[in-house]
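Order of the sequence lines fixes the chain letters, A, B, ..., with proteins taken first and strands second; residue numbering starts at 1 for each chain. A quick note: this is a predicted structure, and the numbers were derived from the prediction, not measured.
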Amino acid sequence: MDFNSIEEKWQKIWEDEKVFVSTDFDKKPKFMGLIEFPYPSGVGLHMGHIKAYTSMEVISRMKRLQGYNVMFPIGWDAFGLPTENFAIKNNIAPRIATDNNIKNMKAQLKRVGFSFDWSREVDTTDDKFYHFTQWIFSKMYEKGLAYRSKAFVNYCPNCDVILSNEESQGGVCDRCSCQVVQKEKDVWFLKIREYANRLLLGLDNLDYPARVKEEQRHWIGKSSGAEVNFIVKVDNKEIDTLKIYTTRCDTLFGVTFMVIAPEHPLIEKYKDKIANIKDVEAYQIKTKQKSEFDRVQVNKDKSGVKLEGITAINPLNKKEVPIFIADYVMMGYGTGAIMAVPAHDNRDYDFAKMYNLPIVPVIEGGDVSKQANTDISDGKLINSDFLNGLSVKEAKEKMIKHLVELGIGCAKDNFQMKDWAFNRQRYWGEPFPIVYCDKCGTVLVPEKDLPVKLPAIENFKPSKNGESPLAQVEEWVNCECPKCHGKAKRETDTMPQWAGSSWYYLRYMDPNNAKEFANIENLKYWGPVDWYNGGMEHVTRHMIYSRFWNMFLYDLGLVPFEEPYKKRSMQGLVLGEDGNKMSKSLGNVVDPMDIIVKFGADVLRLYTLFMADYECSTPWSSVNINGCKRFLDRVERMQDFVDEFNGVHPEHIADLNVIIDKVTNDILSLKFNTAISSLMTFVNKIYQDKFISREEFRIFLTLLYPFAPHIAEEINEILGFKTYICKSKWIDKLQDDSVKNIAFPVQINGKMRGTIEIAENSEQDVVFEKIKKNDKFASYLITPVKKIIFVKNKIINIIV
RNA sequence: GUAGAUAUGGCGAAAUUGGUAAACGCACUAGAUUCAGAUUCUAGUGGGAGUAUUCCCUUACAGGUUCAAGUCCUGCUAUCUACACCA
């Protein structure tokens, strides 16, 4: 069979008949299946796309036949650095490069035969789309959730450009390999931290795999503890306080020194009072030169400088302790200051040993002369005044109460998650709807002037001095202030790649709306997304960002559901044939388009699902794929066995029921491999029997259709059926009144001794009588029977 | 370092969740078809013993619970993934 012409033929029929176009407000139950929309790269589709999309493809095809109004949308996540770099390298405008790539990948996706609803296609770089990305940002700005502030960023002094964490891995610049330093810069932040607790709690009611929830929880990183104000003593006068954060306020009596981050404002404040300010400043400079990467290395040696002239006083026991600065304390977490309890913390312990500071155990157990006792989730308090003898839990509660009474502290939750740095010094991204006016300050571009269009420019290389290329486009930068109509300048940074993808699924629900990002009625009908399949790599950033945007829009009453995705699943990787990740440098990349040329789209789809459990990472095999090719050939030749029988042969009812059951259930639990293997078993059976009726064949083809739709439709037509499978109904289980015999396993003393043929649902007595009469088992039953374990339809175990 | 996951034939993998381990596919062997090869069809295929009905062993390794363990528990080894000075 010529798969090329067949696949082309049916792809055209499906498109002409608009089989995959979903209608708003249809009375049928809705199902929205979402896949992570692709980045249109010059390389085109890779195996990962095929695997990621084929699952939702199979589910969508089945759900349509099951009577659902299925939306399976597709679009392009097209802003971002790779396109910009490609454009710079090949000297082609990013707009044109993007359009070319989209055109190419669209043709490829269609060639695989994916049942996407192309009428809802979105493109994040289309101004009709980013109009509303900007609009949502405006709302965040209005609600105080977007703010601009100074922050330290990775900066390459050689290239004169700001780098993202991804671009500065290992503390080295991606392009020139020189040492990255920290530079203070104006940064736009989104206050995602304000949503941290809701993002955490929301997880409880979502149908995400456990490891996804685990990773998101870890990313949010909630910890419960307390803030405590220590007294700061300068020039022997108690004139200030230092706020610290601790999860272990029960250990307050074990504090022997304090550590603050090198950037802590206390230093600047008492600059003149610090005797060794030169050493301190030298240390600060050293810290700045370290990249974030270096600074968070666990096993590096502890270092720090003692502040001479400033000390802290423990508000509980009034003991005076020294203050250090050290880069193991981060300004960005907690209060940027900690109380050090060296007896029970490894970092503090190392530090105390190095600077010869006292170590006071406050929880019993361990030997602090040798190492820190960190096994302190339980235990009794010691050396701790009014806490002595209490358990850790009791001590924490009592201490917090005490702190509140004295007015020197309170309970406080902290989150690992940082606010979202939201600007990039790049061309190929959404411009901010922000202008700066000398008179009015930061001004939002009014709604009527949106979108702020990204201008076409000549030179889109990042500029020296770390500014976006847009800064060079004077006629765009200089504008009128919307407030005072005086001279103003536009924000020249653009939004990061994660912006458009934070709300694209909402746009699918109403893709052509020019007035608003989506109509609330459409959102009520389609939302939330019923099932979202994607990669593990997007579980933290993309998924959390979009949950955050969705919650924000929900709070404004613009989206009728708080959580965007009801259910999440993930595909395993398709590895190279050598078992490594597919990569250009290893030369182990398999191009799906080559497979289609050789085997056709049906075989490609079938094999990617058959090769292993969907969630496992498995190597590609150019040999094993032949099995799927052979299977489809055998299906085709099964036509030779078609007889004149009208209806379903009674002897095939049970076999058909097995595949109906298997395929229907396995698809919904992502067990495509076993669904396909059951279809193979059925075909093998027909080859044994050498007969099959047309009706049986059609049932089989309907079940095959989600996996290999082209060949299923073709054979269906050849068999003379007038209705396309794509317009047919899914198959329900057949009525089966026959009494079945089963091979019933028999164990003697827990050892398998064979099987016995019995009627299904036979009771213990009947089975045992039959076993006694059977020669094979009789010899084992000479000794008296002690006990019989019988599980209906499962097993019998006779103990003698 | 911390957390999580995984470990089954020559290979990719199944196992109704404690009930016939290795379904299905690949590879391989034999036979048929063919001038021949490819394709296709049929049979076989975890290891060991035996002419054979059959018996013994086998799910990384060592123990345990149970009538029954790939599945549960304890220990141990290896691999993978994510996070990482989290105060």
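For A:R637, no side-chain nitrogen or oxygen approaches OP1 or OP2 of B:U39 to under 4.0 Å.
Scored by the ring pair (Phe, Tyr, Trp, His ring centres under 6.0 Å) test, A:W620 finds A:Y607 as partners (sequence neighbours excluded). Here A:F744 pairs with A:I742, A:I756, A:I758, A:V767, A:F790, A:I796 under the side-chain contact (heavy atoms from CB on, under 4.5 Å) rule; sequence neighbours left out. Annotation: side-chain contact (heavy atoms from CB on, under 4.5 Å) contacts of A:A743 (sequence neighbours excluded): A:T755. Checked against ring pair (Phe, Tyr, Trp, His ring centres under 6.0 Å), A:H264 has no partners two or more places apart in sequence or in another chain. Residues that satisfy the side-chain contact (heavy atoms from CB on, under 4.5 Å) test with A:A411, not counting sequence neighbours, are A:I400. Applying the side-chain hydrogen bond (donor to acceptor under 3.5 Å, both in side chains) test to A:K396 and every residue at least two apart in sequence or in another chain returns nothing.
Below 30°, between 30° and 60°, or above 60°: for A:F700 and A:F682 the angle between ring planes is below 30°, a parallel geometry.
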- Message: Dot-bracket for RNA chain B, please. Rules: Watson-Crick or G-U, both distances under 3.5 Å, ( ) within the strand, [ ] when a pair crosses earlier ones, | for another strand, . otherwise.
- Response: (((((((..(((......[....))).(((((.......))))).((((....))))...((((..]....)))).)))))))....
Atom pairs, N/O to N/O, protein against nucleotides 63-68 of chain B, distance under 3.5 Å?
from  : atom 1 : to     : atom 2 : distance (Å)
B:C67 : O2'    : A:N797 : ND2    : 3.0
B:C67 : O2     : A:N797 : ND2    : 2.5

Between the protein and nucleotides 71-73 of chain B, are there any N/O to N/O pairs under 3.5 Å, and if so, what are the atom names and distances?
none

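Against RNA chain B, the stretch residues 756-766 of chain A makes no heavy-atom approach under 4.0 Å.
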- Message: Protein within reach of the bases, or only the backbone? For nucleotides 4-18 of chain B, mark each nucleotide 5' to 3' as B, S or -, using heavy atoms under 4.0 Å.
- Response: --------BSSS---
- Between A:D204 and A:R217, is a salt bridge (Lys or Arg N to Asp or Glu O under 4.0 Å) present by the stated rule, with each step listed? CA-CA 10 Å; A:D204 292 342; A:R217 285 195 184 108; 3.2 Å; yes
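Legend: ring-ring contact (aromatic ring centres under 6.0 Å, His included) pairs involving residues 747-768 of chain A, not counting sequence neighbours: none detected.
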